[in-house]
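Step one of this worksheet: look at the structure below.
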Amino acid sequence: TIRLRPAPHNRTPIHHYSLEIQPKTHFINWQQDPHGNHLARIVFPEKTDLFQVDVDLVADLAAYSPFDYFLEDSAREWPFEYAAETARDLEPFLVCLPSTPAFEALISKLDRRERDTNHFLVETNRAVHAAVEYVVRMDPGVQTPTETLELARGSCRDSAWLLVQVLRRLGVAARFVSGYLIQLMPDQKPLEGPPGPASDFTDLHAWCECYVPGAGWIGLDPTSGLLAGEGHIPLASTPNPSSAAPISGAIEKVECEFDFEMSVTRVVDRARVTKPYAESDWASVLALGDRIDEELRAA
């Protein structure tokens, strides 16, 4: 089962998508899981010494505001309650794991005063980001929230699962998300804050989405402490991490060599508001200003 196709609720425009499977002798059925995510079910009728998955997509990374939504009046401040019918639909996304001292210690440090919902989400996301040091972890599976807190470090999927459980504990429906993360090198270094990637970069990533009436599902990335933006392309959003694995399935016992690679190329590089003007651009701006000044004086 392959979950490497952008989910229906993805906000980043996708102009092209293809999935190539080796060996060619296989059966493929595109399906949707119970949560609406696209998945490809692959069956190989014969044994093979090669299994290869190639994904190619073209995405339009035009920036958008992650706060582009209107909250219902009932959810403008946290804590809020879901309407009875909505709460029934969200039951799988409100299930909490058994609590532990380490988890309760984190909850006790959070600001639990009644306040603006957006502020609550941003601050809670940042709190989880501050509590976990990011590490690249190639081991299979996801750490429990307690393991992540006791180690004080984890991969993106560990931080995402911890944030899911924190939000559920605070009464906010949340789900685990696996997807693509595409980060482009900034045109110039910011005056403050992290400098950003040194080069264009893409990888598989995990984050969290929470449901707020009026806004719908809001993406939160505890690895960066920021809200999800145009570079976050969800593939699968599910109540539990095990249902969002990029590739899963069953094979007979076999020794194998595993290799994984992702790359990003700019097909079209549009001008952005952060991209400095070239000297010729400044010259044109000044010349236009001089011409307008002359027209004003003449009038």
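The first residue in the sequence is number 1, and the count goes up from there.
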Sub-4.5 Å side-chain heavy-atom contact between [X] and [Y]:
X: Thr1; Y: Ile42; value: no
X: Glu91; Y: Val95; value: no
X: Ile21; Y: Val53; value: yes
X: Val122; Y: Leu220; value: no
X: Arg3; Y: Ile247; value: no
X: Phe201; Y: Val264; value: no
X: Leu170; Y: Pro79; value: no
X: Tyr211; Y: Leu167; value: no

Shortest non-hydrogen contact from [X] toward [Y]:
X: Glu230; Y: Leu61; answer: O-CD2, 3.4 Å
X: Thr146; Y: Ala102; answer: CG2-CB, 4.2 Å
X: Asp158; Y: Gln143; answer: OD1-N, 2.8 Å
X: Trp217; Y: Phe93; answer: CH2-CG, 3.9 Å
X: Pro145; Y: Gln165; answer: CG-CG, 3.7 Å
X: Glu209; Y: Ser237; answer: OE1-OG, 3.3 Å

From [atom1] ([X]) to [atom2] ([Y]), nearest 0.5 Å:
X: Thr100; Y: Glu150; atom1: OG1; atom2: CD; value: 7.0 Å
X: Leu204; Y: Ser178; atom1: CG; atom2: OG; value: 7.5 Å
X: His129; Y: Leu162; atom1: NE2; atom2: CG; value: 13.0 Å
X: Ile28; Y: Leu19; atom1: CD1; atom2: CG; value: 5.5 Å
X: Cys208; Y: Arg168; atom1: SG; atom2: CZ; value: 8.5 Å
X: Leu184; Y: Asp200; atom1: CG; atom2: CG; value: 4.5 Å

Shared hydrophobic cluster, [X] / [Y] (ILVMFWY, side-chain heavy atoms < 4.5 Å):
X: Phe260; Y: Tyr180; value: yes
X: Trp207; Y: Leu226; value: no
X: Val172; Y: Leu97; value: no
X: Phe67; Y: Leu121; value: yes
X: Tyr64; Y: Leu71; value: no

Check: Do Asp33 and Gln31 have side-chain atoms, one donor and one acceptor, less than 3.5 Å apart?
Finding: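 Result is no, nothing qualifies.
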
* To do: Classify the side-chain pair Ser243/Asn240 by whether it contains a donor and acceptor separated by less than 3.5 Å.
  =>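 Not at all, the side chains of Ser243 and Asn240 share no donor-acceptor pair under 3.5 Å.
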
More than 12 heavy atoms from other groups under 6.0 Å of [atom1] on [X]:
X: Arg137; atom1: CZ; answer: yes
X: His26; atom1: NE2; answer: yes
X: Phe70; atom1: CZ; answer: no
X: Asp56; atom1: CG; answer: yes
X: Gln22; atom1: CD; answer: yes
X: Gln52; atom1: CD; answer: yes
X: Arg41; atom1: CZ; answer: no
X: Arg11; atom1: CZ; answer: yes

- Message: Using the side chain to side chain contact (heavy atoms under 4.5 Å, CB included) definition, which of the options Thr117, Val212, Thr124, Asn118 pairs with Trp78?
- Response: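 That would be Thr117.
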
Q.
By the definition side chain to side chain contact (heavy atoms under 4.5 Å, CB included), identify the one residue from Leu110, Leu149, Leu163 that meets it with Val128.
A.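 The passing option is Leu163.
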
**Study point:** Under-4.0 Å salt bridge between Arg169 and Glu104
**Key:**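 Between Glu104 and Arg169 there is a salt bridge, with a charged N closer than 4.0 Å to a carboxylate O.
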
If the plane angle is over 60° it's perpendicular, under 30° parallel, otherwise tilted; pick one for Tyr82 and Phe80.
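Judged by the thresholds at 30° and 60°, the geometry between Tyr82 and Phe80 is perpendicular.
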
### Message
Walk me through whether Val285 and Asp281 qualify under side chain to side chain contact (heavy atoms under 4.5 Å, CB included).
### Response
CA-CA 6 Å; Val285 171; Asp281 296 327; 5.6 Å; no

Q: For Asp73, check salt bridge (Lys or Arg N to Asp or Glu O under 4.0 Å) against everything at least two apart and list the hits.
A: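 Expected list: Arg76.
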
Item to check | Worked check of side chain to side chain contact (heavy atoms under 4.5 Å, CB included) between Leu181 and Gln183 | outcome: CA-CA 6 Å; Leu181 175 64; Gln183 293 180 292; 3.9 Å; yes

task = For Asp221 and His205, run side chain to side chain donor-acceptor pair (under 3.5 Å): C-alpha distance rounded to whole Å, both residues' side-chain angles, the deciding distance at 0.1 Å, then the answer.
result = CA-CA 10 Å; Asp221 188 347; His205 193 49; 2.9 Å; yes

Q: Verify side chain to side chain contact (heavy atoms under 4.5 Å, CB included) between Arg157 and Phe176, making sure each step is shown before the conclusion.
A: CA-CA 8 Å; Arg157 61 190 185 276; Phe176 181 90; 3.7 Å; yes

Is a side-chain N or O of [X] found less than 3.5 angstrom from the main chain of [Y], in a donor-acceptor match?
X: Ser248; Y: Ala245; answer: no
X: His119; Y: Asp116; answer: no
X: Arg115; Y: Arg113; answer: yes

Self-check item: Worked check of side chain to side chain contact (heavy atoms under 4.5 Å, CB included) between Asp60 and Thr12
Solution: CA-CA 6 Å; Asp60 186 350; Thr12 301; 5.5 Å; no

**Message:** Is the distance between the ring centroids of Phe27 and Phe44 under 6.0 Å?
**Reply:**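 Centroid distance Phe44-Phe27: not below 6.0 Å, so no.
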
* Identify whether NZ of Lys or CZ of Arg in Arg5 sits under 6.0 Å from the centre of the six-membered ring of Trp30 and within 45° of that ring's axis. =>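 Judged by the rule, Arg5 and Trp30 form a cation-pi pair.
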
